[in-house]
Amino acid sequence: MKLLITFIVSSIIFSFSSCETKGNKKSYHFDKNGIREDVLGNYLDKSITMVYFLMPDKPEGRRTYPYHRDDIRMVKNIGAKFIGRSIYRWGGESLLNSPEFWTRAKAIITEMHAFDPEMIFQACIFEIITRDVDNVKIPVWVFEDFDLPAEDRFFSYDSMLNNEGKLVNHWHEGSSVPDISKQETQLWFYFLAGSYINLGCEAFHIGQVELMGMSDPEREAWESILKKIRNYAQLHARRNWVLIDAHVPKGDMIKDGVSLLDFNSFPLRIKEIPEKPYEGILEENYLDAIYNKSKGCITPSGWKCGNLPYLVEFDNFGRGEKPNVANLESHFVWGWDEISWFSLQPETYRNEWLRYVYKWIRKYDPDGHLEMPGFRMITCPNKSEGSYRANTRSDDCPLGYSQEEVIKELWNGK
């Protein structure tokens, strides 16, 4: 009995002491048992999109990524804790065969964790496969973890496609949405997740789950593969846990009352103000916006919530049919995707709007968190190599859009 009382008292003391560290500093602790709600909120409060952050200087297609050092400086300067979309493939899967793809990422993660060991890097596993996946070999450990006999073979694009042809060639010829109910797709996802975990990533964005779940209405396939990924993390991840999110147009990825995701995510869904050219606002219930619609559940960590915490981000998805024209029935903002629209605004309005949206979300839905725009591709006319980056413009980053200090200001509560 005495031992039991001692254990209970010790547990209570740990519970209170782990909520905050000395000096009321916010906690960023999690482990194999999961992540507490307040700690998750602390991470989401300091999240930033940094596409390509861990990737080579030529990450995909004709795009280049020439400002690694200034991005590293900026991330350190603003005190970011959650580095979103830092590594992934969107087609071009054979780049995974390049040693530089992994060594460059490992070097940057090592540097950043030396600066701040609590920093989380998010990898993405997207709703796309191309025929280039046929050039990536399946490691033995993937077969073993699926209790399958090891084969000397490559991944098969055709084996990931829906049997009825749903979303085949969805992106373009030879570029499709993989069907999560297919075993080959699960092998591919597991290989990507395990490889990124081995690299040091502790979070995954898995894209448009409803598209990939075209043949998985009960979410059984999703439950199976995400459980396997979490089991791999229990053995191999830095802190034996990974955070998983996805775009949820229905407000959830819940099965039998338990969320398959640690948090939800969705685009901002910016509403135009037709009488004020190029301006935009946020509004609850505008189109499919997620505000106050993230569903309640039991989380993977075991705590219950009335609404699962979520991120909203400046999404990129191209340009509409009529650029620079307001259309309140379209997801495009004045004819552009969200980050492109943002990049087209004058610097003073970008700064003003970032303050506005940050405070609006905190006021109207405390379960929501803004993922700051750090680096992302844009599709509008620009002189910044097809990219928006928040970096303060300088000789080291002459293409910066200069929102860096505003992000830092908001995160510091000023």
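Any value given below was found using the heavy atoms of this structure, including those in side chains, with hydrogens, waters and symmetry copies removed.
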Legend entry - Salt bridge Lys76-Glu111, side-chain N to carboxylate O under 4.0 Å: yes
Legend entry - Qualifying residues under side chain to side chain donor-acceptor pair (under 3.5 Å), relative to Ser340, sequence neighbours excluded: Asp337, Thr379
Legend entry - Exceeds 12 heavy-atom contacts within 6.0 angstrom, atom NZ of Lys227: no
Legend entry - Sidechain-backbone polar pair: Arg85 side chain, Ile48 backbone, donor-acceptor under 3.5 Å: no
Legend entry - Over 12 foreign heavy atoms within 6.0 Å of CG, Asp152: no
Inset, instruction - Determine, for Lys182 against Glu184, whether the closest basic-nitrogen to carboxylate-oxygen distance falls under 4.0 angstrom. - result: no
Inset, instruction - Applying side-chain hydrogen bond (donor to acceptor under 3.5 Å, both in side chains), run through Tyr401 and Ser384 and close with a yes or a no. - result: CA-CA 9 Å; Tyr401 281 73; Ser384 54; 2.7 Å; yes
Inset, instruction - Salt-bridge test for Lys81 and Asp116: reply yes if a basic N is under 4.0 Å from a carboxylate O, no otherwise. - result: yes
Inset, instruction - Report the C-alpha separation of Gln403 and Arg350 in whole Å, then their side-chain angles, then the decisive distance to 0.1 Å, and conclude whether the side-chain hydrogen bond (donor to acceptor under 3.5 Å, both in side chains) test is met. - result: CA-CA 8 Å; Gln403 273 65 69; Arg350 288 197 302 271; 3.0 Å; yes
Inset, instruction - Give the ring-plane orientation class for Tyr349 versus Trp341, where under 30° counts as parallel, over 60° as perpendicular and anything between as tilted. - result: perpendicular
Inset, instruction - Take Asn77 and Glu404, measure what side-chain hydrogen bond (donor to acceptor under 3.5 Å, both in side chains) needs, and give me the verdict at the end. - result: CA-CA 9 Å; Asn77 175 49; Glu404 176 180 346; 2.7 Å; yes
Inset, instruction - Using the six-membered ring wherever Trp is involved, compare the ring planes of Phe342 and Tyr388 and label them parallel, tilted or perpendicular (cut-offs 30° and 60°). - result: perpendicular
Inset, instruction - Enumerate the residue pairs fulfilling ring pair (Phe, Tyr, Trp, His ring centres under 6.0 Å) with a member in residues 283-307, sequence neighbours excluded, ordered by first and then second residue. - result: Tyr291-Trp360
Inset, instruction - Can you sort out the partners of His236 under ring-ring contact (aromatic ring centres under 6.0 Å, His included), two or more places apart, ordered by chain and number? - result: Tyr232
Legend entry - Which residues share a ring-ring contact (aromatic ring centres under 6.0 Å, His included) with Phe204, sequence neighbours left out: none
Inset, instruction - Inspect the surroundings of CD in Glu321 and state if more than 12 heavy atoms from other residues, nucleotides or ligands are less than 6.0 Å away. - result: no
Inset, instruction - Could you tell me how the ring of Phe30 sits relative to the ring of Tyr43: parallel (under 30°), tilted (30 to 60°) or perpendicular (over 60°)? - result: perpendicular
Inset, instruction - Compute the ring centroids of Phe266 and Tyr310, then answer whether they are less than 6.0 Å apart. - result: no
Inset, instruction - Verify the neighbour count for atom NZ of Lys304: are there more than 12 heavy atoms of other residues, nucleotides or ligands below 6.0 Å? - result: no
Inset, instruction - Under the ring-ring contact (aromatic ring centres under 6.0 Å, His included) rule, collect the residues that match up with Phe53, sequence neighbours excluded. - result: none
Legend entry - Salt bridge present between Arg219 and Asp252 (N-O < 4.0 angstrom): yes
Inset, instruction - Kindly write out the residues that satisfy ring-ring contact (aromatic ring centres under 6.0 Å, His included) with His170, not counting sequence neighbours, or none if the list is empty. - result: none
Inset, instruction - Report yes if the distance between the aromatic ring centroids of Phe191 and Phe155 is under 6.0 Å, otherwise no. - result: yes
Inset, instruction - Measure the acute angle between the ring planes of Tyr65 and Tyr52, then classify it against the limits of 30° and 60° as parallel, tilted or perpendicular. - result: perpendicular
Inset, instruction - Please find out if less than 6.0 Å separates the ring center of Phe121 from that of His113. - result: yes
